[in-house]
Amino acid sequence: MRILIVDDEPGMHDSYRRSFAPAPADAGTLLAMAAELFGDDAMPSHDAAPGFAPTHCMQGLDAVAAVERALADGDPFPVAFIDVRMPPGIDGKETARRIRALDPEINLVIVTGFSDFSPLEISRAAGPADKIFYIAKPFEVAEVVQTATALGGRWAIDRELAAARARLAEQVVQLEEQGLELAANESRAVHIATHDSLTDAPNRLAFQRALAERVRRPGSFAVAMLDLDRFKLVNDTLGHLAGDELLREMCAILVGTVPNGGLVARLGGDEFGLMFDTPGDEAAVMACERVVHACTGTVKLFGHSVQGGASTGVVVRTCEDSRDVVDLMRRSDLALNDAKRAGRGVVRLFDESMDESIRFRRRVESGLGQAIGRGELALAYQPIVARQGLDVVGFEALLRWHTDEYGPISPATFIPIAEDSNLIHELGDWVLHEALAVLRDWPGQYVSVNFSPRQFRRPNFVGHVVEAVQRAGVEPARLQIEITETAIFDDAERAAETLYRLRQMGFRIALDDFGTGYSSLYNIRKFALDSLKIDRSFIDGMGRERESAAIVHSIIHLGQALGLGVIAEGVETEAQVALLRAAGASHLQGYYFSRPVPAAQARELATRRFSGDEGMVGGRHG
Ligand code: C2E
Ligand code: CA
Ligand code: CA
């Protein structure tokens with residue numbers, strides 16, 4: 001460890017020399033003292049007792065020069081011992097001041113008699129106070145060595161810390177640079193992902209996002225699809241470069257003519273999407289006609305004249321319409337198809353007649369309205385068997401509609417359509433009436449009737465059902481009401497009340513399609529239920545996916561814990577029967593036992609047992 005000593009008395013230098021000569025016997029004690037003073041951590045390790053390399057100066061100016069040299073050599077002094085009185089040159093205070101000016105890190109030890117400067121004065125000249133120390137003359141060898149050792153150790157650690165801090169700061173700067181670069185890359189990547197590389201217009205993804213964003217805000221707006229006329233011809237005859245150029249030119253025209261700062265996106269090929277605010281259908285069509293007009297005319301492409309043109313389909317979304325973006329795009333696409341069929345340069349406004357699915361819906365609606373009168377409806381019954389003994393304890397009534405036009409239509413298709421109109425009530429009343437009537441023929445089974453959410457929420461639902469069973473002369477216990485999670489969770493409080501009253505009167509209540517909705521298993525405690533029906537998708541998946549099997553098991557356990565029955569529906573195989581019985585499902589239903597069958601066949605099944613545990617007899621029906 002380098003040490004600078006400045007004193008004008010040669011005798012003092014001798015004392016220093018003695019102090020810093022190697023004295024192995026003492027080193028341990030001195031280190032221990034230093035460790036006690038500054039803490040173990042502040043010291044270099046014990047066995048690395050510093051060897052001292054003193055530099056002796058007789059005058060302040062020499063010392064200043066030595067410090068300067070040491071700094072230039074990159075080997076600075078950790079500690080300097082400075083005598084205060086050193087005539088005739090500069091005194092200790094001035095020496096300290098100049099050294100400090102050169103080296104802010106060096107520890108200065110002022111070696112002073114009584115009448116010299118006050119410590120405060122020197123600190124002021126050569127601060128900071130934590131790097132200035134005082135030793136009174138005459139000093140003890142141990143005192144000097146201990147001070148030098150401790151200060152040297154601290155100095156080394158401070159330097160390491162400063163170096164580490166500098167490295168950190170550098171790393172922070174690097175990280176910041178990398179962060180900036182990443183952000184730039186990211187925004188470039190986002191741009192690439194959401195823009196078309198040819199025209200730099202937003203792409204389909206960006207268009208869909210913009211639509212999704214727009215539908216959440218109020219105000220009516222138009223979605224238009226635009227397709228270039230004769231684009232394929234240009235591509236085929238003049239080549240792809242010309243085709244690309246045409247796309248770019250057209251895109252620029254669209255951007256220039258789309259009204260109200262609307263959006264132009266390239267959806268793919270020669271198809272563009274426009275979105276703009278508009279007061280209504282008429283204004284939207286006029287705007288599209290202006291756009292199409294702007295696209296029409298001669299375009300110069302690499303010296304060739306090309307006839308530009310476009311067709312457009314447009315749909316206007318007014319506030320009360322759906323928020324379904326895909327549907328909006330589908331509708332404007334349908335309108336575009338219609339426009340293209342009509343020729344070139346045509347603008348078409350979407351109208352429901354263009355939509356086959358809408359047309360089908362309308363036909364189903366009007367057909368359903370007459371179905372009862374025409375006797376097109378029937379109920380099919382599917383047995384529900386008990387886990388023990390597999391005897392038939394009830395039947396689920398499932399609605400069947402046979403139309404002349406389409407043949408049989410699945411309830412999965414027409415029930416949702418009926419649900420959207422008031423027809424569901426008429427149908428539901430018919431189903432309930434029929435299902436209750438058939439009970440007369442059965443020895444004791446219950447009938448399980450599906451009620452859609454809208455039926456369940458109808459005013460005075462309870463009174464309505466009670467009246468129906470009374471009129472049919474049937475015990476409430478022979479009617480099981482099947483409702484779904486949606487029916488009860490939309491207005492949970494009211495549903496809880498309704499279910500409670502029904503249950504009080506003795507009706508059975510089953511929660512259908514359980515597991516597919518969002519209800520927490522925990523929440524269903526609040527509802528007066530008899531059983532849960534595990535949705536058949538889980539039964540179906542049971543043999544294949546671990547997850548389904550786990551869900552089935554947890555639903556069964558939940559049911560048991562809440563004292564509810566658990567009906568497994570969609571049971572198709574013997575393996576499923578075995579698994580479900582073992583898992584503890586209280587009831588089973590599915591093709592394995594029987595498909596839904598007409599009333600007469602159900603009557604036969606009602607007295608039949610799907611026999612004992614040695615295996616199934618009777619098997620599948622239908
Ligand atoms: P859901 O209430 O979940 O009825 C069970 C459906 O699964 C029935 O279809 C039934 O035929 C079918 N199914 C039964 N066992 C099996 C099986 O082992 N494997 C397979 N793959 N399927 C099986 P369906 O009859 O087509 O009824 C469809 C849906 O229509 C019903 O689902 C129910 O939500 C609704 N629905 C049927 N009838 C009525 C009704 O009268 N009123 C109301 N509101 N909805 C009804
Ligand atoms: Ca059902
Ligand atoms: Ca179901």
Side-chain angles (χ1 to χ4, degrees), residues 364 368 371-372 376-385 394-402 408-438 446-458 461 464-465 468 479-487 508-517 529-543 566-577 580 585 587-599 602 605 610 616 619-622:
V364 167
L368 261 184
I372 296 176
E376 291 174 346
L377 295 180
L379 285 184
Y381 300 91
Q382 187 177 36
I384 299 170
V385 307
F395 289 91
E396 178 171 1
L398 292 157
L399 188 53
R400 297 291 174 256
W401 180 25
H402 192 96
I409 297 183
S410 160
T413 305
F414 70 78
I415 293 285
I417 295 176
E419 174 85 356
D420 281 351
S421 67
N422 279 324
L423 282 171
I424 192 67
H425 296 303
E426 208 183 317
L427 286 186
D429 290 347
W430 184 87
V431 169
L432 185 56
H433 181 261
E434 280 285 300
L436 292 174
V438 87
Y446 62 83
V447 68
S448 196
V449 175
N450 292 286
F451 289 88
S452 73
R454 210 151 143 209
Q455 287 174 275
F456 182 72
R457 284 191 225 119
R458 139 189 217 176
F461 175 71
H464 191 76
V465 175
L479 175 64
Q480 174 161 281
I481 294 167
E482 288 196 18
I483 47 158
T484 57
E485 296 169 49
T486 4
R508 291 165 187 272
I509 296 153
L511 193 56
D512 204 358
D513 303 341
F514 189 71
T516 55
L529 304 170
D530 289 280
S531 51
L532 306 174
K533 291 189 89 169
I534 309 179
D535 190 67
R536 69 167 186 275
S537 57
F538 300 118
I539 308 297
D540 184 40
M542 215 170 38
V566 176
I567 306 173
E569 68 177 344
V571 180
E572 294 183 352
T573 67
E574 194 167 347
Q576 289 169 343
V577 174
L580 289 162
H587 296 85
L588 310 177
Q589 179 187 354
Y591 292 173
Y592 179 77
F593 302 101
S594 169
R595 285 182 181 262
V597 293
L605 290 174
F610 287 93
M616 298 298 133
R620 273 134 282 193
H621 292 255

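Whatever order the structure lists ligands and atoms in, that order sets their numbers, starting from 1. This one's a predicted model, so the numbers in the text were calculated from it and none came from an experiment.
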- line: E572 heavy atoms within 4.0 Å reach ligand 1 at atoms 17 (C), 18 (O), 19 (N), 20 (C), 21 (N)

message: Between the side chains of E569 and K533, is the shortest nitrogen-to-carboxylate-oxygen separation below 4.0 Å, so that they form an ion pair?
response: yes

- prompt: With respect to S448, which candidate in R508, E396, Q589, Q382 satisfies the side-chain contact (heavy atoms from CB on, under 4.5 Å) definition?
  reply: E396

query: Mind checking what makes side-chain contact (heavy atoms from CB on, under 4.5 Å) contact with H402, not counting sequence neighbours?
result: P408

- prompt: In chain order, what residues pass the side-chain contact (heavy atoms from CB on, under 4.5 Å) check against I409, with sequence neighbours excluded?
  reply: W401, T403, Y406, T413, F414

task: Using a cut-off of strictly less than 3.0 Å, determine whether D513 has an N/O/S atom near the Ca ion (ligand 2).
output: no

message: Please confirm whether K533 approaches ligand 1 to less than 4.0 Å, judged on its heavy atoms.
response: no

field: ligand 1 atoms in contact with P596 (distance to a heavy atom under 4.0 Å)
entry: 11 (O)

Least distance between heavy atoms, L588 atom then F593 atom: CB-CE1, 3.6 Å

message: Show me which atoms of ligand 1 lie under 4.0 Å from any heavy atom of G590.
response: 15 (N), 18 (O)

- prompt: What does the angle at the Ca ion (ligand 2) come to, between atom OD1 of N450 and atom OE2 of E396, rounded to 10°?
  reply: 90°

- request: Show which atoms of ligand 1 fall inside a sub-4.0 Å distance from at least one heavy-atom site of E569.
  value: 3 (O), 5 (C)

query: Within 45 degrees of the axis of the six-membered ring of Y591 and under 6.0 Å from its centre: does R595 put its NZ or CZ there?
result: yes

- request: Return yes when E396 approaches ligand 1 closer than 4.0 angstrom through a heavy atom, no otherwise.
  value: yes

